[in-house]
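Below, chain A is the first sequence line, B the second, and so on; all start at residue 1.
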Number of protein chains: 2
Amino acid sequence: MTEPKTPEAAAPTGPARKRARDGKSNATIYDIARVAGVNPSTVSRALSKPGRVSAKTQKLIEDAAAELNYQVNPFARALPTGRTNTFGLIVADITNPTFFDIIRGAETTATLRDYTLVLAESAESAVTELTAARRMMTTADGLILASPRMDDDEIRALARDKPVVVINREVDGVPCVVPDVNKGISEAVRSLAANGHRKVAFVAGPPQSWMSARRWEGVQAACEWSRLDAVRIESGKPTVDGGRQVARDVRDSGATAVLTYNDLLAIGLMQELQAAGVVVPDQISIVGFDDIFGADFTTPPLTTVRSPLGECGSGATTLLLDLLNGDGEPATVLRVETELVLRGSSGRLLPAH
Amino acid sequence: MTEPKTPEAAAPTGPARKRARDGKSNATIYDIARVAGVNPSTVSRALSKPGRVSAKTQKLIEDAAAELNYQVNPFARALPTGRTNTFGLIVADITNPTFFDIIRGAETTATLRDYTLVLAESAESAVTELTAARRMMTTADGLILASPRMDDDEIRALARDKPVVVINREVDGVPCVVPDVNKGISEAVRSLAANGHRKVAFVAGPPQSWMSARRWEGVQAACEWSRLDAVRIESGKPTVDGGRQVARDVRDSGATAVLTYNDLLAIGLMQELQAAGVVVPDQISIVGFDDIFGADFTTPPLTTVRSPLGECGSGATTLLLDLLNGDGEPATVLRVETELVLRGSSGRLLPAH
DNA sequence: CAATTCTTGGCAACCGGTTGACAATCGGCT
DNA sequence: AGCCGATTGTCAACCGGTTGCCAAGAATTG
């Protein structure tokens with residue numbers, strides 16, 4: 001006759017308890033197995049595939065887990081499954097307020113879906129961006145690229161490895177979230193035309209920026225429709241200082257209304273023109289883009305074409321997580337609507353005195 | 001006679017190749033072992049303890065790793081060592097620009113030290129913050145809490161598990177990075193006194209904010225020194241709208257200069273007073289705190305006490321990573337200096353007309 | 001009641017790397 | 001030549017969880 005094995009005797013001991021710094025150990029499934037009197041594989045099943053064990057065993061295991069304050073070790077789980085419930089978000093410039101709401105939107109949706117967001121920036125460099133992306137790919141389940149600087153082929157190559165979603169750019173074969181700039185631009189140009197403007201300048205963004213090209217195309221099309229002249233002005237960099245630096249070019253252009261690639265350019269431009277004694281909007285109307293934080297701090301407050309950046313962030317996150325959970329559709333393009341936010345920096349052109 | 005074992009025959013096969021989505025497999029140390037003709041443990045030692053193998057073997061392994069485009073699997077490494085080269089940063093409100101330079105500073109130092117930053121926000125809730133912190137503790141090596149809302153005991157409990165650094169608050173027994181508000185406040189009050197002001201209002205921040213209490217103490221002390229009257233005004237929330245809402249209380253206080261808990265309050269206050277016809281700074285001087293993004297967008301641009309937030313972020317990261325690498329000193333308090341940034345929103349009090 | 005099918009818990013290999021213990025080899029010394 | 005200490009590569013257990021396969025027991029069917 002053999003003695004019946006007690007659960008404690010029979011269960012493999014599993015990992016030696018690793019002591020946390022306070023001397024209290026973190027429980028593992030081997031500890032739960034011991035307390036519940038089942039095999040560790042049963043514990044694993046109960047915790048990750050609840051229907052695969054009987055209700056009685058399920059309850060035993062859940063009670064033991066609660067009693068031991070069990071917390072799954074994400075590395076141990078990631079090793080066999082490859083899944084970590086994290087995703088990466090790479091933004092071009094972490095201090096550019098355009099990205100504030102994108103990050104906020106992404107973080108909000110991440111929390112709702114029980115995912116962790118890992119943030120990195122590319123510092124406007126395609127090389128840095130690709131390096132950061134490849135590094136993230138080793139640990140994250142997927143990736144969101146906001147206003148990426150790398151080229152389409154590189155993005156598609158990344159997407160072959162793990163799901164990728166792109167914000168503010170359209171890449172064939174990759175899911176994207178793109179503001180429909182034409183709606184907002186049309187509203188802005190229509191508003192300027194109604195206010196008597198006949199010549200509009202567009203202050204462009206970085207030469208390699210996909211979105212800058214789209215915005216310029218939108219401005220041209222809208223001006224053509226409204227029978228306004230459109231002139232393009234290059235800017236050094238898409239910053240407040242960049243806006244200051246194009247003030248002279250804007251004045252020389254003879255335009256009475258300016259649309260800029262982004263709000264920072266608009267703010268810098270406004271500051272520089274006002275410093276030169278130009279009255280905004282009486283002598284020149286200024287319209288920015290994106291409606292970033294601080295856009296309404298200026299005097300007059302900035303009229304701008306609002307991108308729903310929070311929606312971009314949360315929409316991109318939803319696309320990504322749906323893909324990761326097998327619900328999503330590859331190569332989706334989610335368009336979000338832009339809209340004109342009329343503030344004080346654009347208005348009727350007053351007759352010259 | 002026995003046939004000599006070829007390296008290929010002798011080496012354990014190790015993990016079956018896991019195919020990446022593009023059909024190309026990611027190399028493991030077993031693959032390198034096969035190519036280099038050594039044991040996988042030798043490969044591991046060569047890659048993580050280079051001195052422990054001979055120079056000849058080291059080169060063999062490094063060459064094989066390069067040939068196979070080997071990338072260490074962070075989960076596999078984390079499991080036996082418990083180290084992931086990541087740390088968490090929890091901020092109170094991700095859209096509050098105060099945090100963006102903190103995040104930027106932290107991210108910059110993280111990249112330099114080859115660490116990954118994981119971001120989360122507490123949405124101003126102590127409960128949410130503690131939950132996020134506990135969740136991060138399972139995977140991150142350490143944690144930075146920026147303007148935490150949980151209490152001191154909870155912070156110390158977290159610090160018993162893994163290294164924690166706190167920004168904008170002093171917690172006994174925990175390393176902290178704290179702006180020395182008194183220097184900046186003294187400069188601000190001195191400047192106001194020199195401009196003829198006699199009564200200063202302080203618009204406070206959230207009641208549970210440690211930093212708000214410190215700033216009010218600093219204002220009181222500086223006013224006492226300069227023989228100015230100091231009056232405290234409660235604000236509902238530390239936002240632009242919160243600043244608007246205290247405009248009446250500020251006017252009713254009779255103060256001719258205002259110091260606010262943060263720039264957002266100052267900006268809202270300025271906008272509301274200006275909308276009421278009050279001329280800034282002729283009729284009232286306004287001084288904010290932190291020098292956030294957008295503080296110089298206003299008209300006049302905001303005078304503010306600048307916290308070197310980027311320095312806070314990078315300093316906290318350095319403290320944390322030094323602790324993690326055994327170089328740091330527990331319970332360090334790093335003080336960073338604040339300084340007055342004089343812009344147009346404060347000036348000489350003009351005589352009433 | 002026996003045969004068959006289904007349910008459910010256990011076994012053990014595995015994920016990819018780390019590392020203590022051990023043994024083989026080498027160089028220096030007597 | 002033998003001994004001893006140092007060097008260096010190998011063995012194999014381990015980190016904490018997952019899961020294919022198998023077997024035992026329960027339920028169903030003829």
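Shown here for Asp172(A) and Arg156(A), the closest heavy-atom pair between the two residues is O-NH1, 2.9 Å.
Five base pairs at each end of the helix from dC1(C)-dG30(D) to dT30(C)-dA1(D) define two local axes, and these are offset by 50° (rounded to 10°).
Under the 30°/60° scheme for interplanar angles, the aromatic rings of Phe87(B) and Tyr115(B) are found to be tilted.
At least one side-chain heavy atom of Ile90(B) sits under 4.5 Å from a side-chain heavy atom of Ser122(B).
The pair Asp93(A)-Arg149(A) does not meet the salt-bridge criterion, since no charged nitrogen lies less than 4.0 angstrom from a carboxylate oxygen. Ion pairing between Arg113(A) and Asp322(A) holds under the 4.0 Å rule for side-chain N and carboxylate O.
A donor-acceptor contact under 3.5 angstrom links the side-chain atoms of Tyr30(B) to the base of dG17(C). Arg45(A) contributes no side-chain N or O that forms a donor-acceptor pair with the base of dG17(D) under 3.5 Å. Counting atom types as modelled, Arg52(B) pairs no side-chain N or O with a base atom of dG20(C) as donor and acceptor under 3.5 Å.
Heavy atoms of Val72(B) sit under 4.0 angstrom from primed sugar atoms or phosphate atoms, though from no base atom. Among the protein residues, Ser44(A) comes within range of the nucleic acid bases, having at least one heavy atom under 4.0 Å from a base atom. Residue-level contact check: Thr81(A) touches the backbone only, with heavy atoms under 4.0 Å from sugar-phosphate atoms and none from bases.
In this structure, the CG atom of Leu68(B) is 12 Å from the P atom of dG17(C), given to the nearest Å.
DNA chain C lies under 4.0 Å from at least one heavy atom of each of the following residues of residues 56-64 of chain A: Thr57(A).
There is a side-chain donor-acceptor pair under 3.5 Å between Thr57(A) and Ser54(A).
Between dG17(C), dT10(D), dG10(C), one nucleotide has an atom nearer to the side chain of Ser41(B) than all others, and that is dT10(D).
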inquiry  = side chain to side chain contact (heavy atoms under 4.5 Å, CB included), that's the test. Do Leu334(B) and Leu319(B) meet it? Break it down for me.
reply    = CA-CA 9 Å; Leu334(B) 177 67; Leu319(B) 281 184; 4.3 Å; yes
